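Since the structure is predicted, the reported quantities are computational estimates derived from the model, not experimental observations. Naming convention: chains lettered A, B, ... in sequence-line order (proteins, then strands); numbering from 1 in each chain.
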2 protein chains.
Amino acid sequence: MSTTPTIAAVDWGTTRLRVWLLDAKGAVLDERRSDEGLLTAQHKGFATVLDRQLQDMGAATDLPAIVCGMAGARQGWVEAPYVDVPSSLGDILGAAVPVPGAGRDVRIVPGLAQRDPRAPDVMRGEETQLAGIAGLIGTGSHLACMPGTHSKWVAAEGGAIKGFGTWPTGEMFSVLAQHSILRHSIGDKPAKVSPHSEVFREWCRQALSDGDIGARLFGIRASGLLSGLGQDDAAAALSGLLIGAEVASAVRRFGRREAPVVLVVSGALGALYAEAMRLDAIAVTIADADQAVLAGLVAAARRNGMLAEGVAE
Amino acid sequence: MSTTPTIAAVDWGTTRLRVWLLDAKGAVLDERRSDEGLLTAQHKGFATVLDRQLQDMGAATDLPAIVCGMAGARQGWVEAPYVDVPSSLGDILGAAVPVPGAGRDVRIVPGLAQRDPRAPDVMRGEETQLAGIAGLIGTGSHLACMPGTHSKWVAAEGGAIKGFGTWPTGEMFSVLAQHSILRHSIGDKPAKVSPHSEVFREWCRQALSDGDIGARLFGIRASGLLSGLGQDDAAAALSGLLIGAEVASAVRRFGRREAPVVLVVSGALGALYAEAMRLDAIAVTIADADQAVLAGLVAAARRNGMLAEGVAE
C-alpha cells in the first residue's frame with residue numbers, strides 16, 4: 001500500500017463480508033471479500049472477524065470502520081435500531097450507532113423500518129446503497145429497484161425515502177426450483193437464464209399482465225408433460241414468471257414515475273430485470289450495486305465526521 | 001366379510017393408496033389405506049402391491065379392479081393417456097385403459113389435459129372425484145374447488161369439464177414454511193391454523209383484494225421483527241395469504257357462477273377454504289373428497305360394464 005488508509009468501509013451481509021480500505025479522500029486502496037457474513041461472525045465474534053481481516057490487509061489496529069448491513073441487526077454485533085420511513089438519506093446515515101469496546105472507532109449504519117400495518121417491512125444494507133446513488137435519486141420523484149434474494153423497491157421523494165417493499169423473488173426461485181414439484185422440471189442445477197430467451201420473455205409478459213404467480217407455477221410442470229418443455233426452458237419460465245410478477249406488483253403498488261426506474265444491481269440479474277422492464281415499457285437507469293454500497297459507506301463516513309467532506313477521485 | 005365382493009376400487013396417489021371392496025350394488029364391504037403410493041409401487045411393482053393388499057383383504061385372485069390416480073401416469077403402472085378438455089364426464093370414465101397381463105381385469109381411469117398454451121394443465125385423480133359429484137355439477141354451470149397440495153379449480157358446463165387450473169397452494173405453504181426465511185417466523189413445525197384466527201382472516205382479506213403473494217410474503221417476517229408476530233400467527237398469516245390469493249386468482253380466471261362453488265375436500269382444510277370464500281361473499285356447497293372419489297370409481301366401474309347400473313345403498 002503506497003498510502004496509509006484513513007478508514008475501513010465494511011458491508012456485512014448475512015453470508016458475505018466485504019471490506020475496503022479508503023484514503024482520506026474516500027478512494028479505494030485495497031479491498032477483499034470473504035464468506036464470514038453474519039452467520040459465521042455470530043460464532044467467531046464480530047470484532048475477531050473484522051480485526052483479522054484488517055490485520056491481514058496490513059491496517060493499523062486503531063483504524064476506524066464504517067459498517068452497514070446485518071452487523072446492525074438484533075442478532076448482529078450491536079443493534080442499530082431501524083430508522084422509520086419517511087426519512088431523509090442524511091438523517092439515516094447520521095443515525096449510525098457506535099460499537100462500544102470494539103478497540104477502534106466502529107459505527108454501524110441503521111436499517112429502515114416501514115411500520116405500516118398493511119405493508120410492514122424492513123431493510124438492512126440497501127439504505128446504504130440508496131445513499132450511494134443520491135446523485136440519481138436525491139432530488140425529484142424516483143423509484144429504485146434492487147433485485148436479489150429479497151428484492152427491494154423504494155420510493156424516493158426530494159431526497160427522502162418515502163416507502164419501500166420487499167419481493168422475495170430470488171428466494172422463491174431457489175426454494176421452488178429445489179424443493180417443489182418443479183425440481184423435476186428444472187433439474188438439480190437450474191440453468192443460467194438469458195434475457196434473450198423467448199421462453200423467459202413469454203412467461204414474463206404473461207406475469208406482467210396481472211402479477212399472478214400461483215395460477216401459473218404448475219403450468220411449468222404441465223408444459224413439460226404436454227409439450228416437452230426442457231430443463232433450460234423450465235428455469236427460464238420460472239425466472240420470467242417470478243420477475244414479471246414482481247415488476248407488475250411493484251408498479252401496481254408504487255405507480256409509474258416520469259424518471260426512469262433506477263435499477264441497482266450487479267451481475268447477470270440486471271439484464272433479466274432490465275428486459276422485464278423493457279417488456280413493460282419502463283425506462284431504466286442502471287447503477288452498479290457494489291459501487292453504490294461503497295459510495296454509501298463513504299457518504300456515511302463523511303456524515304459522521306470520520307472522513308473529510310469531498311469527492312472521491 | 002358376509003358378502004363376496006364384485007370389484008375392488010383403487011385410488012392410487014403419489015404417496016397414498018386406498019382400496020375398497022364393493023358388492024354388486026357398489027356398496028362398501030371393506031376398506032384399507034396404505035402408504036404404498038406411486039413412489040413405493042414403482043419399486044415394488046404395481047401388480048405386487050395390489051395383489052398383496054387384495055389378498056390381505058381376503059379377496060379372490062381374479063377380482064376385477066377399477067383404478068384412478070397416478071397408477072395411470074407415464075411413470076405409473078400403465079399409461080392411461082390424458083383425455084383433452086372439454087370432455088363429458090361419461091367420455092372421461094369410458095376412456096379407462098385396461099392393464100394387460102395383470103392376472104385380473106384392471107382398468108385405469110385417465111387423467112385430463114388442457115392443451116392451452118396460455119394455461120397448460122393436467123390432473124390425475126381429481127377427474128374421478130368430479131365424476132363422483134355428478135349429482136352436483138352434472139347439469140348447469142358450476143365451479144368446483146378441490147384444495148390440496150396442488151389445488152384444482154374446475155369449470156363444468158352441462159355435464160362436461162370445460163377447463164381447469166392448478167394452484168400449488170399446499171406445496172407453496174410447505175416449501176416456504178420449511179425452506180425460506182419464513183422458517184424463522186413459523187418454526188420447525190407449523191402450527192395448525194384455525195379459520196377463526198383473526199390473523200388468518202386479515203391476511204386472507206388482503207390477498208383476496210388483488211391475489212398478490214409476492215408483495216406480502218416478506219411482511220410475515222417483518223411483522224415478527226416489528227410487532228412481535230408469533231409463530232402460530234405467522235403460520236396463520238401464510239395460510240391466509242396463500243389461500244386468499246388462490247381464491248382471488250381462480251375467481252379472476254373463471255368468473256363467478258350463480259350456483260355455489262362446490263368445495264370438494266376432506267379434513268381441516270375445508271374450513272379454511274370455506275372461510276376464505278365467505279370473506280369473498282362466495283357461497284359454497286361442501287362435498288367430501290373421500291366420498292367423491294369412491295362414488296367416481298363406482299361410476300367408472302358401471303360405465304365400463306364392471307358393475308351393473310344402479311344406485312349404491
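- Here CG of Leu176(B) is found 8.5 Å from CD1 of Ile213(B). Values are rounded to the nearest 0.5 Å.
- You'll find the side chain of Lys152(B) reaches within 4.5 Å of the side chain of Asp121(B), heavy atoms only.
- Heavy atoms closer than 4.5 Å to chain A are found nowhere in Ala245(B), neither backbone nor side chain.
- Using a distance-only test at 3.5 Å, with no hydrogens or angles considered, a donor-acceptor pair links the side chain of Trp12(B) to the main chain of Glu36(B).
- Chain B forms the most heavy-atom pairs under 4.5 Å with one residue out of Gly211(A), Gly214(A), Ala119(A), and that residue is Gly214(A).
- Interface remark: Glu202(B) contributes side-chain atoms only to the contact with chain A (heavy atom separation under 4.5 Å).
- Listed in order of number, the residues of residues 166-175 of chain A that approach chain B to under 4.5 Å between heavy atoms are Thr166(A), Trp167(A), Pro168(A), Glu171(A), Met172(A), Val175(A).
- Every residue two or more places apart in sequence or in another chain that forms a side chain to side chain donor-acceptor pair (under 3.5 Å) with Glu198(A) is listed here: Arg201(A).
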Show me the side-chain donor-acceptor pairs of residues 69-87 of chain B shorter than 3.5 Å, one per line, residues at least two apart or across chains.
from, atom 1, to, atom 2, distance (Å)
Arg74(B), NH2, Leu225(A), O, 3.3
Asp84(B), OD1, Arg115(B), NE, 2.8
Asp84(B), OD2, Arg115(B), NE, 3.2

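- Only the side chain of His150(B) has a heavy atom closer than 4.5 Å to any heavy atom of chain A.
- Listed for the Gln206(B) side chain is no donor-acceptor partner under 3.5 Å among the backbone atoms of Cys204(B).
- Contacts from residues 246-257 of chain B to chain A, taken as heavy-atom pairs separated by less than 4.5 Å, involve Ser249(B), Arg252(B), Arg253(B) in sequence order.
- Residue contact with chain B, scored on non-hydrogen atoms closer than 4.5 Å, involves the backbone and the side chain of Ile181(A) alike.
- Taking 4.5 Å as the limit, every side-chain heavy atom of His179(B) sits out of range of all side-chain heavy atoms of Gln178(A).
- Your options are Ser151(A), Gly165(A), Ala222(A), Pro117(A), and the one with the most heavy-atom pairs under 4.5 Å with chain B is Ala222(A).
- Ranked by heavy-atom pairs under 4.5 Å with chain B, the list Ile220(A), Asp212(A), Leu217(A) is led by Asp212(A).
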